[in-house]
Amino acid sequence: MRDRRVMLLWAAFALTATVSTLLVLQRPDHLSDLHIYYGALTDLRAGRSLYGYVAENGGPFTYPPFAALVLAPVTVVPEAVVGAVWLLLTVAAVAAIAVPVGGVLASEPARRPLAVAAVAAVLMLSAPVQSNLRFGQVSIFIVLLALLDGMGVVPTRWRGVLVGIAAAIKLTPLLFVAYFLASGRYRDAARAVAAFLACAAVAAAVLPAESWTYWTGTVAQTSRIGDLASLGNQSLHGMLLRIGVDPASLPVVWAVLAGVVCVAALLRARQLTVHGRPGHAAVLVGCATVAASPVSWTHHQIWPVLAAMLLIGTTGVARKVAGAALLVAMVVSLGVLLGPVSTRPGMQFLFENARTLGAGALCLARFGGVTVAATRPRRRTTAGRAWLRVGVATAATLAFFAVQPLPAGADPTFKAYTLSDVANPRYFFVCRGVAECAAYGGDEPVTFGTAVERTKVRVNGVVSAQVARLEYYSAPGGMPRVIPLLAAYPGSRTFSFRSATMTHGRLVAYGANGQPIATYDDELAAAFRGQR
């Protein structure tokens, strides 16, 4: 007799997939990444440059040239048909990922169908899978290939090949080669490297110009992908950008942190492999790729969802709570959900970067403890004492971030407007024309007003002749933003910018000698509150 719980979970999976697909199709920007693939490959077939293509939304083709060969068949049929098939394949890939992960979770074969169904249902609800559906992304397929190979599910003689192919399409799975070496799977590592080089060689033979363009320049141009400081980039690199690390020292700081995370993850993954847990090891290495990569958009972040479910499925209150907290962060955006109630910049930083911190913690804070739990006798701990430890650790973490003067993100909404925007009344609303702007300023160094919208606040005003420079701080401890002073009208200078929130904002006006002559923090917050 079939387990009713299994049937209900698969029904929930199917319902979520159907509703999600219908909602995706109703969006005007649905399958935007798939549209980029389709447009770039269509241009390539017409003899134009693969990496010169730019979609209507400004997105370029960013993958290695071998990806173009793999995706080439999509241009044979109409784009609408490609979109429908792609959505179905994405849903199928989610179910395929759930099978091996559910097998890892289930301690008994009889419980495996329930575990597989639960993993599939939770995955489908997660933000990374929803993002894959919305954008029509290849990330879900890359994770599937690397997971099957990393777990050793494929036949022995072919192990490593899937990782090599996945890396030839998207470079991040190359870390699995290091995992194979660290865990003694030398032949798998050799096959992975051989497959990667073979794919690159095939692409070079078929697309020599595109291969030269990519490997001699495009591969290092991460800025082509978008604003790496935006909250969607939940990698260590993105978090450092949001903190405001000096650009000159950023590469070194990032390289050191990424190296520490990767080494810790690889050492722990080796231990997991020794103890017969290749599934946990593969997921851990995948989490390291999310943390260490320069760019980890939401659709890349499937690995931490898998790790969260593995933590929930292991023993120990602390691990289960940590897994549940990570899973919540991977299903909803804590920055959006809790941002309005965070009263300290450090807390807002925690919420906005929860996925980055979670992936990093998995690599550094003994995710491999599941091995210890399975192989060592544990001292008996009462449930009350276990919950006390969890509570103390949680309180300490929240207290730590509550007192931090960290910037609330890099304020990814921030934009300072230029002379070309002066005609827009949404951006420049304090004064219009020569006489009005000249009369508006008065004797104050800075006179401004605010306008509140649903997702941003706009500040617009004028400065007096004594102001030589104007800077804006989105939160204590953050890097200042220089606000352009625009000679929009003779005899006056105006400025305008937008920001996510003014709760912790501060405007500082500097004189010609470089010394501050006026600071607006309480006044800025008061003006913000007055406009709400």
Side-chain angles (χ1 to χ4, degrees), residues 150 172 175-176 178-179 181-183 233-243 245 250-275 277-296 300-312 314-330 334 346 349-374 376 389-390 392-401 404 406:
T172 49
L175 186 62
F176 279 85
Y179 160 60
L181 293 173
S183 57
N233 181 17
Q234 288 287 309
S235 67
L236 290 172
H237 185 251
M239 186 176 71
L240 292 173
L241 285 170
R242 289 188 287 274
I243 291 175
V245 175
L250 176 63
V252 175
V253 175
W254 167 65
V256 170
L257 287 178
V260 170
V261 165
C262 288
V263 169
L266 291 172
L267 292 175
R268 184 62 65 183
R270 181 178 65 179
Q271 181 188 15
L272 286 163
T273 303
V274 169
H275 288 286
R277 298 203 168 213
H280 290 82
V283 169
L284 179 57
V285 175
C287 289
T289 67
V290 172
S293 173
V295 185
S296 293
H300 298 158
Q301 300 160 20
I302 297 170
W303 295 107
V305 182
L306 302 179
M309 287 186 280
L310 292 179
L311 282 171
I312 292 173
T314 192
T315 58
V317 172
R319 297 186 187 92
K320 290 180 181 294
V321 172
L326 179 60
L327 187 60
V328 170
M330 300 308 303
L334 295 180
F349 177 86
L350 172 63
F351 298 147
E352 290 177 345
N353 296 277
R355 294 174 183 173
T356 303
L357 296 169
L362 283 167
C363 300
L364 299 174
R366 299 187 62 80
F367 175 71
V370 292
T371 299
V372 178
R376 290 184 183 176
R389 291 177 179 175
V390 171
V392 171
T394 302
T397 301
L398 295 177
F400 171 80
F401 281 97
Q404 292 301 309
L406 295 169

Practice task
Start with the C-alpha gap between L398 and L350, add the side-chain angles, then the distance that decides, and say whether side chain to side chain contact (heavy atoms under 4.5 Å, CB included) holds.
Solution key: CA-CA 9 Å; L398 295 177; L350 172 63; 3.8 Å; yes
Handout entry: Residues T356, Q234; criterion side-chain hydrogen bond (donor to acceptor under 3.5 Å, both in side chains); working and verdict
Key = CA-CA 5 Å; T356 303; Q234 288 287 309; 3.0 Å; yes
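A pairwise comparison of heavy atoms in L250 and L241 identifies CD2-CD2, 3.4 Å as the closest pair. L311 and G323 get closest at one heavy-atom pair: CB-CA, 3.7 Å. Nearest heavy atoms, A265 versus L284: O-CD2, 3.5 Å. Annotation for A288 and L175: closest pair CB-CD2, 3.6 Å, computed over non-hydrogen atoms. Pairing each heavy atom of V261 with each of A291, the nearest pair is CG1-CB, 4.1 Å. Of all heavy-atom pairs spanning L364 and A264, the tightest one is CD2-CB, 3.7 Å.
Classification of the F176-W303 ring pair by plane angle, with boundaries at 30° and 60°, yields tilted.
Residues L266 and L181 form no side-chain contact, since every pair of their non-hydrogen atoms from C-beta on lies 4.5 Å or further apart. The closest side-chain heavy-atom distance from H237 to L257 is not below 4.5 Å. Within the 4.5 Å cutoff, side-chain heavy atoms of Y179 are placed close to those of T273. The closest side-chain heavy-atom distance from S235 to W254 is not below 4.5 Å. A heavy-atom distance below 4.5 Å is found between the side chains of V328 and L334. Residues T397 and F401 have side chains in contact (heavy-atom distance under 4.5 Å, counting atoms from C-beta outward).
Within the 3.5 Å criterion, the main-chain N or O of G238 finds no donor-acceptor partner in the side chain of N353. Side-chain N or O atoms of R268 include none that pairs as donor or acceptor with a backbone N or O of C363 at under 3.5 Å. Put simply, the side chain of T289 gets close to the backbone of G286: a donor and an acceptor are under 3.5 Å apart. Of the possible donor and acceptor atoms, one in the side chain of K320 sits under 3.5 Å from a partner among the backbone N and O of T314. In this structure a side-chain-to-backbone donor-acceptor pair under 3.5 Å is missing from Q301 to V290.
Separation of atoms CG (L362) and CG (L357) is listed at 11.0 Å; rounding is to 0.5 Å. Considering SG of C287 and CG of L310, their distance stands at 9.0 Å, rounded to 0.5 Å.
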